[in-house]
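Down below is the structure, laid out as structure tokens.
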2 protein chains.
Amino acid sequence: MSEVAATGISVLLVDDHPIVRQGYRRVLESQGDLHVVAEADNAADAYGAFKAHDPDVVVLDISMPGASGLEAIRNIRARSPRARILVFTMHNEAVLVKAAFGAGASGFVTKSSEPSAVVGAIRAVARGERAMSDDIAHVLAEDSLSSGSVLDQLGEREIEILRQFAGGATTEQIAAYLNLSVKTVQNYHYLIKTKTGARTDAQLVRLAATCGLTRI
Amino acid sequence: MSEVAATGISVLLVDDHPIVRQGYRRVLESQGDLHVVAEADNAADAYGAFKAHDPDVVVLDISMPGASGLEAIRNIRARSPRARILVFTMHNEAVLVKAAFGAGASGFVTKSSEPSAVVGAIRAVARGERAMSDDIAHVLAEDSLSSGSVLDQLGEREIEILRQFAGGATTEQIAAYLNLSVKTVQNYHYLIKTKTGARTDAQLVRLAATCGLTRI
DNA sequence: TGCAGCTCGGGCAAATTTCCCAAGCCGGAT
DNA sequence: ATCCGGCTTGGGAAATTTGCCCGAGCTGCA
């Protein structure tokens, strides 16, 4: 089993959409050198699957119910520093990308990338290199020039909650989704408003939209 | 080439994520009776691809950059009323679902559905039936309590107040601006929410934005 | 070791939201 | 003419949320 590296790259797929996982699995396995050895549909299960299968690369979507995907990254990296994690998501906000790399990700690829680019990123990550898709590089480049966004003053959790909220989720839904008490979500809501200076929920939504946190 | 229908179901895949398309393609083709005859990565190209390949079913994600997926549905249906379109997306808001069916979709399935459910929906749609995943049925059922076509049901005053609110104005500001009591504005706020089915201020803002009531 | 910052939640008064209701007005139907 | 229905305007009261303060655990950093 430990000879997998000699015959190819073993992959753990983490995504909450079953059909998406199945699709990726087929795409990756058609490559010959990539083998999906396990799947997980939430962050909590991700580490268990990682431990059980010791894959060369973890490919995961960070937007999942339950614990945050960033949490999963930290979780895995904390116990297995040699783990290679490739974030694969539809989001392309600079804050998220930086948070992911900060949490220990080795790569960040958006779903709008060409399959060949994704596969290339997996191989690069497996070799221990850092990888990111062109659009992500572009976003990071833009961001590095113009710092000082309102989002910079917000913590990771605050941004996550703001995203959910601006997306139209109720306090209860957010609390359930993130496994927090309603009270905590309310407090974050308030905190975010004071930090950003928004007096109204509507202003908050507009703010989130202009920062690219949510699309309307 | 025109005998595809006799040997199975031809499918046009429309999704802006290349690897997602490729994944779906493999999942569908593994079914034996489903054949992906074309792909498109945006709403604008969808009709061209439809015309060129005349697929039995169009499977498309409505959340795409550029022209709306709803636009694509209308586009196709306007010129080819016999087209069968299955919306396949991660969104599950009632407004979207109703808009999709209103635009002429034959089915609506979320990406969190089991692959078997998705495949079943494609077959059902190909047979001319209407199809939707369980979660969508649930969302619509909830929503059917307060049906209606979103903005048309609002009066002049309600629309004016919604515009102000979505623009970021506070209740007091609106009341002062329109020479109304705060209480009246609050009541309108509530009325608008119930009429539109928005459960959250954020949803209200998004609604106003999508209706062109406010710019962000 | 200690400080700073993030995360998480309790508490509590003040404010807002949620509904229910009433009244005036106006246009259209009877 | 009259009545019905919908829009506009607001009161009232209960239920929730907000605004703000607080403490505790944790992590990173000096």
Side-chain angles (χ1 to χ4, degrees), chain A residues 43-44 66-75 77-79 81 95-96 98-104 150-166 168-205, chain B residues 145-149 151-166 168-205 207:
Chain A
S68 144
L70 293 176
E71 198 56 44
I73 297 177
R74 269 187 226 98
N75 218 319
R77 293 279 298 186
R79 278 112 139 190
V95 264
L96 248 189
K98 288 193 287 190
F101 279 115
V150 206
L151 293 184
D152 294 338
Q153 51 192 319
L154 297 182
E156 195 178 287
R157 211 89 252 232
E158 292 160 344
I159 288 182
E160 175 64 21
I161 287 176
L162 174 55
R163 180 205 313 287
Q164 303 276 334
F165 173 76
T170 66
T171 303
E172 284 89 353
Q173 287 172 342
I174 298 175
Y177 187 80
L178 297 179
N179 273 110
L180 296 175
S181 84
V182 169
K183 180 62 187 178
T184 299
V185 176
Q186 289 176 339
N187 277 335
Y188 272 115
H189 193 339
Y190 166 71
L191 231 184
I192 293 168
K193 277 212 262 188
T194 57
K195 274 194 180 182
T196 60
R199 317 189 128 280
T200 287
D201 284 351
Q203 291 178 11
L204 217 50
V205 175
Chain B
L145 307 174
S146 61
S147 65
S149 49
L151 262 200
D152 313 319
Q153 49 193 330
L154 296 183
E156 215 175 277
R157 209 92 249 230
E158 291 161 342
I159 288 183
E160 177 62 22
I161 289 178
L162 174 55
R163 183 203 317 286
Q164 302 277 334
F165 173 75
T170 66
T171 302
E172 284 88 353
Q173 288 171 340
I174 298 175
Y177 183 77
L178 297 178
N179 273 110
L180 296 175
S181 85
V182 169
K183 181 63 189 178
T184 298
V185 176
Q186 288 177 339
N187 276 336
Y188 271 114
H189 193 341
Y190 167 71
L191 232 187
I192 294 167
K193 278 213 262 188
T194 57
K195 275 194 179 181
T196 60
R199 317 185 34 59
T200 284
D201 284 350
Q203 291 178 12
L204 218 48
V205 175
L207 190 74

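Here is the naming used below: chain letters follow the sequence lines, and residue numbers restart at 1 for every chain.
With hydrogens and angles ignored, the 3.5 Å screen pairs no side-chain donor or acceptor of T200(A) with any backbone N or O of A202(A).
R199(A) has its CZ atom 12 Å from the P atom of dT16(C), to the nearest Å. Rounded to whole Å, atom P of dC19(C) lies 16 Å from atom NZ of K195(B). For I161(B) and dT8(D), the CD1 to P distance is 8 Å, given to the nearest whole Å. Separating the NZ atom of K193(A) from the P atom of dT18(D) is a distance of 6 Å, rounded to the nearest angstrom. For the pair E160(B) CD and dT8(D) C1', the interatomic distance rounds to 14 Å; values are reported in whole Å. With rounding to whole Å, F165(B) atom CZ is found 13 Å from dT16(C) atom P. If you measure from atom CD of E158(B) to atom P of dG10(D), you get 15 Å, rounded to the nearest angstrom. Between the CG atom of L154(A) and the C1' atom of dC6(C) there is a distance of 12 Å, rounded to whole Å.
Nearest-nucleotide assignment on DNA chain D puts the 5′-proximal partner with L180(B), out of D201(A) and L180(B).
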Let's go through L204(B) and H189(B) carefully: what are the C-alpha distance in whole Å and the side-chain angles of both, what is the deciding distance for side chain to side chain contact (heavy atoms under 4.5 Å, CB included) to 0.1 Å, and is it a yes or a no? CA-CA 10 Å; L204(B) 218 48; H189(B) 193 341; 3.8 Å; yes

Please assess E160(B) against Y188(B) for the test side chain to side chain contact (heavy atoms under 4.5 Å, CB included), listing each intermediate value before the final yes or no. CA-CA 10 Å; E160(B) 177 62 22; Y188(B) 271 114; over 6 Å; no

Please report the C-alpha distance between T171(B) and F165(B) in whole Å, then the side-chain angles of each, then the deciding distance to 0.1 Å, and finally whether the side chain to side chain contact (heavy atoms under 4.5 Å, CB included) criterion is met. CA-CA 8 Å; T171(B) 302; F165(B) 173 75; 5.9 Å; no

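Proximity of L178(B) to V185(B): side-chain heavy atoms (C-beta onward) are nowhere separated by under 4.5 Å.
Atom NZ of K193(B) and atom CG of D201(B) lie 4.0 Å apart (nearest 0.5 Å).
In plain terms, the two heavy atoms of A169(B) and I174(B) that are nearest each other are CB-CG1, 3.7 Å.
Listed by chain and number, the residues in a salt bridge (charged side-chain N to carboxylate O under 4.0 Å, His left out) with K195(A) are E158(A) (sequence neighbours excluded).
Within residues 181-192 of chain B, the residues approached by DNA chain C to less than 4.0 Å at the level of any non-hydrogen atom are K183(B), Q186(B), N187(B), H189(B), Y190(B), in residue-number order.
The pair R74(A)-E156(A) counts as a salt bridge, with a side-chain nitrogen and a carboxylate oxygen less than 4.0 angstrom apart.
Within 4.0 Å of E172(B), counting heavy atoms only, lie sugar-phosphate atoms of the nucleic acid but no base atom.
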Contact list (N/O, under 3.5 angstrom) for nucleotides 28-30 of chain D vs protein:
none

